[in-house]
Amino acid sequence: NVDPRSTPEFKNLDDLITRFKSTWSKEFKEPISSDGKVDPTLYLASLLPSVAVILLHDPHAEMWSSTCSSAKRLEEAAGTIMESIYRISSTSFDILLLDHYSSFCWFMAGMALVRILKSKIDAGAHIEVIKVNSEIEVIKHILLRLSERTIIGRRQIKLLNEHFDNEIGIQSFQSQANTTELDPISGRPKKRTKVSEMLNIAQGTKIGPGMATFDGPIRLR
């Protein structure tokens, strides 16, 4: 089978996405000015290349591989969107004034980060697990703010929470409890750090069917 990423069409499209923002005039490169003023149209435009990268590379990303270029591109794109969220959150701008597609971009970053988080948990990368989970919480928070005033925001936070629960939630704990990995040298069961421990949940917090998962208070009631 031919890897689509090796085809000229894929490479040309990927290159076009990469070069897109570099074609903008200098005065249009920053959607948020130094004094906190936001250009809603330019803000959305600045997010679109990252969403395009996620849509293009997500089907091909092998998150377990340290050499997978698509996995790296996925992480970079999600990181770029996170930076835009941090920047607009530091202003007094009312996010309801943004184009609705902006929240879709945040949602796509959240979906990508869930996949990244799952790979970090599987790799036992404790510090990175906490970092990525906190980024997902930031996206949940801004979508929750939007959900208080728009139907689309409510739908997006609901879908993101459901995706998080399906990929990372209670099922992850159940699979850990039912899976024993043996040390190849000693033949003894390996000691595995629980997902809850990676996410720095306070000792004594119980996690089980019917109880809240470790994704914090960002839930729709």
Side-chain angles (χ1 to χ4, degrees), residues 5 10-61 63 68-117 120 127-128 130-157 159-160 163 216 218:
R5 292 172 295 180
F10 189 100
K11 292 179 179 179
N12 288 338
L13 181 56
D14 197 24
D15 184 58
L16 182 63
I17 295 170
T18 302
R19 291 187 293 106
F20 175 64
K21 197 171 180 179
S22 65
T23 62
W24 298 2
S25 300
K26 184 178 179 179
E27 60 268 27
F28 297 122
K29 288 187 180 294
E30 293 296 334
I32 303 176
S33 64
S34 57
D35 59 356
K37 293 181 180 178
V38 178
D39 183 324
T41 303
L42 193 55
Y43 181 81
L44 171 59
S46 69
L47 294 173
L48 294 180
S50 296
V51 174
V53 168
I54 292 173
L55 292 173
L56 182 64
H57 284 276
D58 181 75
H60 312 289
M63 304 307 298
C68 178
S69 59
S70 287
K72 183 179 179 180
R73 293 278 280 152
L74 201 65
E75 291 195 34
E76 289 174 348
T80 299
I81 294 176
M82 281 306 307
E83 283 299 318
S84 74
I85 293 175
Y86 291 138
R87 289 194 64 191
I88 200 164
S89 297
S90 68
T91 72
S92 58
F93 185 80
D94 185 353
I95 59 173
L96 194 64
L97 299 177
L98 292 172
D99 187 286
H100 287 320
Y101 200 80
S102 295
S103 66
F104 173 76
C105 298
W106 303 335
F107 169 77
M108 288 300 298
M111 297 292 277
L113 285 169
V114 168
R115 187 175 181 192
I116 293 167
L117 176 61
K120 301 302 182 186
I127 302 300
E128 292 184 62
I130 295 171
K131 175 182 177 294
V132 176
N133 185 70
S134 68
E135 291 175 337
I136 294 172
E137 288 300 311
V138 169
I139 293 178
K140 286 183 178 182
H141 179 71
I142 198 168
L143 289 179
L144 188 67
R145 284 170 54 196
L146 201 62
S147 74
E148 295 169 352
R149 301 164 69 183
T150 68
I151 294 177
I152 191 170
R154 187 173 182 83
R155 179 62 176 165
Q156 287 166 343
I157 183 64
L159 288 173
L160 183 56
H163 183 61
I218 311 303

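Please read all numbers here as calculations on a predicted model, not as lab measurements.
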Could you go through the side chain to side chain contact (heavy atoms under 4.5 Å, CB included) check for Met108 and Leu55 one step at a time?
CA-CA 9 Å; Met108 288 300 298; Leu55 292 173; 3.6 Å; yes
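- Summarising the local packing, NZ of Lys72 is surrounded by 12 or fewer heavy atoms from other residues, nucleotides or ligands at distances under 6.0 Å.
- Test Glu148, Lys140, His141, Arg145 against Ile157 for side-chain contact (heavy atoms from CB on, under 4.5 Å) and you get one pass: Lys140.
- Atom CG in Leu113 sits 7.5 Å away from atom CD1 in Ile54 (nearest 0.5 Å).
- At distances below 3.5 Å, at least one donor-acceptor pair connects side-chain atoms of Arg115 with backbone N or O atoms of Asp58.
- The SG atom of Cys105 sits 8.5 Å away from atom CG of Asp99, with the distance rounded to the nearest 0.5 Å.
- Under the 30°/60° scheme for interplanar angles, the aromatic rings of Phe104 and Tyr101 are found to be tilted.
- Distance check: Ile151 CD1 to His100 NE2 gives 9.5 Å after rounding to the nearest 0.5 Å.
- Residues Val51 and Ile81 are in side-chain contact: their nearest non-hydrogen atoms beyond the backbone lie under 4.5 Å apart.
- One distance of note links CD1 of Ile139 with CE of Met111; it measures 11.0 Å at 0.5 Å rounding.
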Apply salt bridge (Lys or Arg N to Asp or Glu O under 4.0 Å) to the pair Glu135 and Lys131, showing each step before the final yes or no.
CA-CA 6 Å; Glu135 291 175 337; Lys131 175 182 177 294; 2.9 Å; yes
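- For the side chain to side chain contact (heavy atoms under 4.5 Å, CB included) test, residues two or more places apart in sequence or in another chain that qualify with Arg149 are Asp94, Leu96.
- Side-chain atoms of Leu44 and Leu98, non-hydrogen and from C-beta on, never get closer than 4.5 Å to each other.
- Applying the side-chain contact (heavy atoms from CB on, under 4.5 Å) test between Tyr43 and each of Asp39, Leu47, Thr41 identifies Leu47 as the sole match.
- Within the 4.5 Å cutoff, the side chain of Trp24 has heavy atoms near those of the Leu42 side chain.
- Looking at Ser89, its side chain never comes within 3.5 Å of a backbone N or O of Tyr86 through a donor-acceptor pair.
- Contact of the Val53 side chain with the Thr80 side chain is not registered, since no non-hydrogen atoms from C-beta on lie closer than 4.5 Å.
- Summarising the geometry, atom CH2 belonging to Trp106 is positioned 9.0 Å from atom CD belonging to Gln156; distances are rounded to the nearest 0.5 Å.
- Heavy-atom minimum distance, Ala78 versus Ile116: CB-CD1, 4.4 Å.
- Lys21 places no side-chain N or O within donor-acceptor distance of the main-chain N or O of Ala45, the cut-off being under 3.5 Å.
- Atom CG of Leu74 sits about 10.5 Å away from atom OG of Ser50, to the nearest 0.5 Å.
- No donor-acceptor distance shorter than 3.5 angstrom exists from the side chain of Arg73 to the backbone of His57, with no hydrogens or angles considered.
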Mind running side chain to side chain donor-acceptor pair (under 3.5 Å) on Ser103 and Arg155 for me, showing each step along the way?
CA-CA 11 Å; Ser103 66; Arg155 179 62 176 165; over 6 Å; no
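- Counting heavy atoms from C-beta on, the side chains of Lys120 and Met63 never come closer than 4.5 Å.
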